[in-house]
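So the structure is just underneath, and the comments pick up after that.
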Amino acid sequence: MRILVTGANGMLGTDLCCLLEQSGHEVIRSSQREHAESDVTLDILDFSATRATLQQCKPDMLIHTAAYTHVDGCERDPDRAFQINALGTWHVAAACAEQDIPIVYISTDFVFDGRKTTPYTEFDPPNPINHYGASKLAGEQAVQKLCRRHYIVRTQWLFGVHGKNFPGTILELAQKRNELPVVVDQRGSPTSTLALSRALIKLLDTPLYGTYHIACKGECSWFEFAQKTLELAGISHVTLHPIPAEQWPSPTHRPAYSVLRRYVLELQGRDDLPAWQEALEEFIELLKAKK
Ligand SMILES: NC(=O)c1ccc[n+]([C@@H]2O[C@H](COP(=O)([O-])OP(=O)(O)OC[C@H]3O[C@@H](n4cnc5c(N)ncnc54)[C@H](OP(=O)(O)O)[C@@H]3O)[C@@H](O)[C@H]2O)c1
């Protein structure tokens, strides 16, 4: 398939484009700014340009990973969050609908309020509690309303070697500090961009459009995630201190429990995501190899 990927130089986009190519797809890398690896420069806030890009490139499928992902930035500037995540997605979805191009929209666990104590399925009602989550949900709604052929894929706690992420930050801090406070009362499923990309590629094999949760197996707190990161990296000089989220300096109210259950994949008998610890081990090996 000929697949156009928005946000192609982002953390997920970079790995996804590589794996798509490795599995035989033709990839058109679209990025907001000019970039050595990009095929197309596109600001999704420009609807005419979005439309023209799709008319020129004629992809068989579009994977929309571009977003304003800075959660605290979204909280401080909700209009920017809605501009990029809601209106930008609306533009991409409208252009796809007009040209009958199936779309994959990457969404988030932050569409949920975190009040459940068991994993969220695709059939649980969203109820975002911050502007990032609300703007991403608005993006989901645009895709659902405008595109007949869509996959909405909610994922969470992403980490990959091509972007800023939690385990990467813990390893950086461990080079400078012996003690680190880490939030202990928020739980999720850490998911690598590689595991997500592999699962996305399999998803594209079937025209079973709809909403999917794709996250690695298992769950943990940020504290346990940090512990495992240090353990796998062989770092023992750092003492982690568990703190409640309210002590973490952030303007954003985050869901306390947002574990995603891959319920639709389970029902379809094709839930083969790896455990988060296994994905983390692969990430740490790749980081070591990069040095
Ligand atoms: N990271 C997570 O933990 C997480 C969790 C759940 C869901 N997600 C979702 O997964 C997707 C990928 O996340 P990520 O962490 O890989 O994001 P990322 O590294 O921040 O990449 C996002 C990309 O979007 C591009 N972008 C922003 N505004 C744009 C615009 N107006 N026009 C075109 N491109 C624009 C950015 O380009 P520039 O760099 O040029 O600005 C960037 O390359 C996002 O949809 C996100 O909401 C992420």
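Hydrogens, waters and symmetry mates are skipped; everything else that's a heavy atom, side chains included, is used. We count ligands from 1, going down the list as the structure has it; atoms in each ligand are counted the same way. For the single chain, residues carry numbers from 1 onward in sequence order.
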I'd like the name of whichever of [options] reaches closest to [atom] through any heavy atom.
{"atom": "atom 24 (O) of ligand 1", "options": "Gly10, Ala67, Gly88", "answer": "Ala67"}
{"atom": "atom 47 (O) of ligand 1", "options": "Tyr132, Phe110, Tyr105, Trp157", "answer": "Tyr132"}
{"atom": "atom 17 (O) of ligand 1", "options": "Thr41, Thr69, Ile63", "answer": "Thr69"}
{"atom": "atom 10 (O) of ligand 1", "options": "Ile106, Val111, Asp46, Asp43", "answer": "Ile106"}
{"atom": "atom 33 (C) of ligand 1", "options": "Leu158, Leu196, Leu42, Thr14", "answer": "Leu42"}
{"atom": "atom 28 (N) of ligand 1", "options": "Gln32, His64, Gln156, Glu34", "answer": "Gln32"}

Contact check, side chains of Ile106 and Thr155, non-hydrogen atoms, under 4.5 Å:
yes
A side-chain contact here means heavy atoms from C-beta on lying under 4.5 Å apart; do Leu158 and Ser192 qualify?
no
Taking transitive links into account, so neighbours of neighbours count too, which hydrophobic residues share a cluster with Ile129 at under 4.5 Å side-chain distance?
none
Counting heavy atoms only, which part of [X] comes closer than 4.0 Å to ligand 1: side chain, backbone, both or neither?
{"X": "Leu12", "answer": "both"}
{"X": "Thr155", "answer": "both"}
{"X": "Lys136", "answer": "side chain"}
{"X": "Ser107", "answer": "backbone"}

Side chains of [X] and [Y]: is there a donor and an acceptor less than 3.5 Å apart?
{"X": "Gln83", "Y": "Tyr68", "value": "no"}
{"X": "Arg262", "Y": "Thr121", "value": "no"}
{"X": "Thr252", "Y": "Asn130", "value": "no"}

Which residue and heavy atom of the protein sit nearest [atom], plus the separation:
{"atom": "atom 15 (O) of ligand 1", "result": "Met11 CE, 3.6 Å"}
{"atom": "atom 32 (N) of ligand 1", "result": "Ile44 N, 3.1 Å"}
{"atom": "atom 25 (C) of ligand 1", "result": "Ala66 CB, 3.9 Å"}

Heavy-atom count around Phe47 CZ within 6.0 Å, excluding the residue itself: above 12?
yes
Indicate, with yes or no, if the rings of Phe166 and Phe225 have centres closer together than 6.0 Å.
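Yes, ring centres under 6.0 Å apart.
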Answer with yes or no after comparing the ring centroid distance for Trp157 and Trp222 against a 6.0 Å cut-off, counting only values under it.
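Ring centres of Trp222 and Trp157 closer than 6.0 Å.
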Do ligand 1 and Arg33 have nitrogen or oxygen atoms that lie under 3.5 Å from each other?
yes
Short N/O distance, under 3.5 Å, between Asn9 and ligand 1?
yes
Of all the atoms in ligand 1, which lie at a distance below 4.0 Å from a heavy atom belonging to Thr65?
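Reading through ligand 1 atom by atom, the close ones are 11 (C), 12 (C), 44 (C), 45 (O).
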Atoms of ligand 1 close to Ile84 [distance to a heavy atom under 4.0 angstrom, numbered from 1]
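Reading through ligand 1 atom by atom, the close ones are 28 (N).
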Using residues 235-243 as the side-chain source, report each donor-acceptor pair under 3.5 Å to any protein atom, sequence neighbours left out, with the distance given to one decimal.
| unit_1 | atom_1 | unit_2 | atom_2 | d |
| --- | --- | --- | --- | --- |
| His237 | NE2 | Ala174 | O | 2.8 |
| His241 | NE2 | Glu179 | OE1 | 2.5 |

Classify the ring geometry between Phe283 and Phe159 as parallel (under 30°), tilted (30 to 60°) or perpendicular (over 60°).
perpendicular
